[in-house]
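Report on the following structure.
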Amino acid sequence: MKIKPSLVPKLLFVGLSCAPIFTTKAQQSGTIKRVYVSTKGNDQNPGTVARPFATAEAALRAVEKSKQGKATTGIEIIFTGGTYYLDKPIQLSAALSGTKKLPLRIKAADGKQVILSGAKLLDLKWEQGGKGIWKAKVPTGMSFQSLYANDAHLIRARYPNYDASVLPFQGYAADALSPERIATWKNPTGGIVHVLHSGRWGGFHYRITGKDGASKVTLEGGEQNNRPSPMHETYRYVENIVEELDTEQEWYLDEGTATLYYMPSKGKDPNQLKFVAPQLENLITIAGSANNPVHDIEVSGIRFTHTAPTFMKTAEPLLRSDWTIYRQGAVKIEGAENCSLHANDFIELGGNAIFVNNYNRGVKISGNRIEEIGAGAINFVGDPEAVRSPAFRYEKFVPLDQMDTLKGPKSNNYPMDCEASDNLIHSIGLIEKQVAGVQVSMAESLRILHNTIYNVPRAGINLGDGTWGGHEIAYNDVFSTVLETSDHGAFNSWGRDRFWHPDRNKMDQLTAAHPSLILLDAVKTTKIHDNRFRCDHGWDIDLDDGSSNYEIYNNLCLSGGLKLREGFFRKVYNNVMLNNGFHPHVWFQNSHDVFRNNIVMHAHQDIQVKYWGDEVDYNIYARKEDLQKDQAKGIEKHGRVVAMNFVAPTFGDFRLKNWKDQGFKNFDMLHFGVTSKRLKSLATSPEIPQLIQKDTKEQGVKWAWKDGNFKSVETLGEQSAAGLPSIAGVLVLRLDENGTIYKSGLRIGDVILNYQGEKIDKLTDLQQAIKKHVHADQPKILIFRNQQQQKLNLQL
């Protein structure tokens, strides 16, 4: 949707006059008083509809003055139509709070489009240069990372060139940092390198600080993922390099000379275009504290746009999840109670849309449209100081003798009893790749309901840790996920809480000896129910490392099935998994997990599972041979095969016809996602898959060598269970503990990556390497264990 230009562009927050307001009867309607802000206003005006203010700051100060008189009326600040270019964020403090019955409302005038922009309108005089490139002067000292011409987002000069059809990054190239290409750059200082994590668990961003010789650059940054790794060898691109300005709609700013270069479409004169450059990261901040909260403020009907990218500031680790964050958004809410954002649009943003930070209670985010943004959509994140014995990296663990073993949080500085509902979220993570439609970390009892989320680079909904549970995630429609990354799901969670140790053997010992540790953080049960999930590049529901204390029921999984990696107390029942099934990975001996009365269309895809929890039984299969495979594992004694005779599969209704609630119970499958009329008219739906009920080719050729069995890593499940960056290597399936290679240190579940200097991607590579180095008495191997590489010498 195009953004209308301002009628009279001007900056907000110029000087304020304390002129009286609310002086006429026309301003009053019952118990509501109204103050107006207009692009044609003046801060010397009284704020009436006929004589409005020019800035939000003038209106807010007048409201605060009115409240000092203990007014008992409700107040509305109404923006008339137009674009308001902010020169600093709007600050809503506790002094502006309303009441439950009479909240302070900040809203758009009825039927008018009101835009709050973080950009500066540029006054440019373009001169034509060579090779189709024009140039213009900008104010000295001005800097910006994104640029728009007539509301169209332009591309900062980059290699390879932008191609909307290519993922990741809309174009990537293995030679983006090749010596040959770097040699063509005269002075790349200030250039940016965007690259995926080597395991594709998100992205990294680096700033070029200079050249080291003729064909190498120096870099700073790379803090955007909490699981450090080398750069991905292929998925990378560079931008903000003047020599790469070589195609239409690209631009480059030379900050040293304050010169902007731009290549318009052929035949276009940029002097006829309106250019804006995002400057602000934040447009509205609602800021109070637990002791003095902002309360009862509503913001509605406003479009937030053109904030500055913040990817180089995304560096704060979130406990032991894979994330780092930057605590900022177009709207940031902190220290608030009973505040709401309703029916707003968040479009064309450089960073996060909404950040609900630390202490918040009763905050509601509903009916919003969020699209085309650089980072995450809705973030609920608490204070790590509220966590007992927090650890911040995957490989870190607080020793038991140093651990605070009291249950739950140690302060109230985190979001609780907040809600994100009826939001349409899509096309996010355009710059940052470790993002989600709704991200939760260090929070309690949130409600994530009736959202539609799609076209995201990673998870649609992500819970970064178990602290402190109690969330309800229901009636959401989440699809087209994990489009640019790997090893993830439409819904994803981690649970690397106090009990969790990066060494699985030590964690087994710890939880067996001290089971009370398990639910110290995941205090309340999180419920995931009545959602529709589709992930074609991972799992529909992915409970990863240590995720514990979940109840999962009445979900329709369209593609990727459901995964439970090691964790405790998960109860999964009454779900439908189309063309897929159940993926249990590396379970604990006493997990107390339950998986029953689900419809599955594959045999269970278990990996390194010796113990099957409290119950895996009574599930419904499409094929007899799949049930027989699972029964051979000692489970599914009461499993059964039923004809998959669904009500209307073409239309997504996978209720069983003529079903008498025999264990499995039919549930509503036609009312997922957004509910408001406005958003339903804009939302799309997932592709409904055709059912596949035929035999598939068996994978897993096994090879017996020495005292063990081996096979190639072939599936996403095997990759995820081992924590590998890619589907490659040879998995150790079985070892005789009296054998020589076991005594050399090799273990079941290890993945062999290298043998005597030979790279091992598949079983035949290992066979050939052993044959080639047959005379090596103590061959050197490189293995992957506990998500780390280790070296061993085999005693043959």
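In this chain, residues are counted from 1 in sequence order.
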Heavy-atom donor-acceptor pair, [X] side chain to [Y] backbone, under 3.5 Å:
| X | Y | value |
| --- | --- | --- |
| S421 | L449 | no |
| R534 | P686 | no |
| R320 | D497 | yes |
| Q439 | A436 | no |
| N225 | W201 | yes |
| N598 | N575 | yes |
| E636 | Q631 | no |
| T485 | P457 | yes |
| E472 | G470 | no |
| D750 | R747 | yes |

Quiz item: Is the number of heavy atoms from other residues, nucleotides or ligands within 6.0 Å of NZ (K759) greater than 12?
Solution: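 Count not over threshold, so no.
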
Show me the side-chain donor-acceptor pairs of residues 724-735 shorter than 3.5 Å, one per line, residues at least two apart or across chains.
none

Are any non-hydrogen side-chain atoms of [X] and [Y] less than 4.5 angstrom apart?
| X | Y | value |
| --- | --- | --- |
| D322 | R496 | yes |
| I473 | L463 | yes |
| I781 | L746 | yes |
| N462 | W323 | yes |

Quiz item: Considering all heavy atoms of both residues, which atom of H537 and which atom of T481 are nearest to each other, and what is their separation?
Solution: ND1-O, 3.6 Å

Quiz item: E395 and P502: which non-hydrogen atoms are nearest, and at how many Å?
Solution: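 Smallest interatomic distance, heavy atoms only, reads O-CG, 3.5 Å.
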
Quiz item: Could K571 and Y573 be counted as a cation-pi pair, given that NZ or CZ must be under 6.0 Å from the ring centre and within 45° of the axis?
Solution: yes

Quiz item: Could you go step by step and tell me if R504 and D545 meet the salt bridge (Lys or Arg N to Asp or Glu O under 4.0 Å) rule?
Solution: CA-CA 11 Å; R504 177 54 194 269; D545 302 342; over 6 Å; no

Centres of the [X] and [Y] rings: under 6.0 Å?
| X | Y | result |
| --- | --- | --- |
| Y621 | H604 | yes |
| F588 | F568 | yes |
| H529 | Y475 | yes |

Quiz prompt | Partners meeting ring-ring contact (aromatic ring centres under 6.0 Å, His included) with Y394 (sequence neighbours left out) | solution = W500

Quiz item: Out of curiosity, R623 CZ to E625 CD, how far, rounded to the nearest 0.5 Å?
Solution: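 Answer rounded to 0.5 Å: 4.5 Å.
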
Quiz item: Between T525 and N549, does any side-chain donor sit less than 3.5 Å from a side-chain acceptor?
Solution: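 Result is yes, a qualifying pair exists.
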
Self-check item: D542 and R565: CA distance, side-chain angles, deciding distance, salt bridge (Lys or Arg N to Asp or Glu O under 4.0 Å) verdict
Solution: CA-CA 8 Å; D542 179 4; R565 194 180 162 102; over 6 Å; no

Quiz prompt | Parallel, tilted or perpendicular: ring planes of W703 versus W705, cut at 30 and 60 degrees | solution =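 Ring orientation, 0 to 90° scale: parallel.
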
Quiz item: Does a salt bridge link D544 with K563, judged by any charged N lying under 4.0 Å from a carboxylate O?
Solution: yes

Quiz prompt | ring-ring contact (aromatic ring centres under 6.0 Å, His included) partner of H592, the single match among W612, F569, W587 | solution = F569

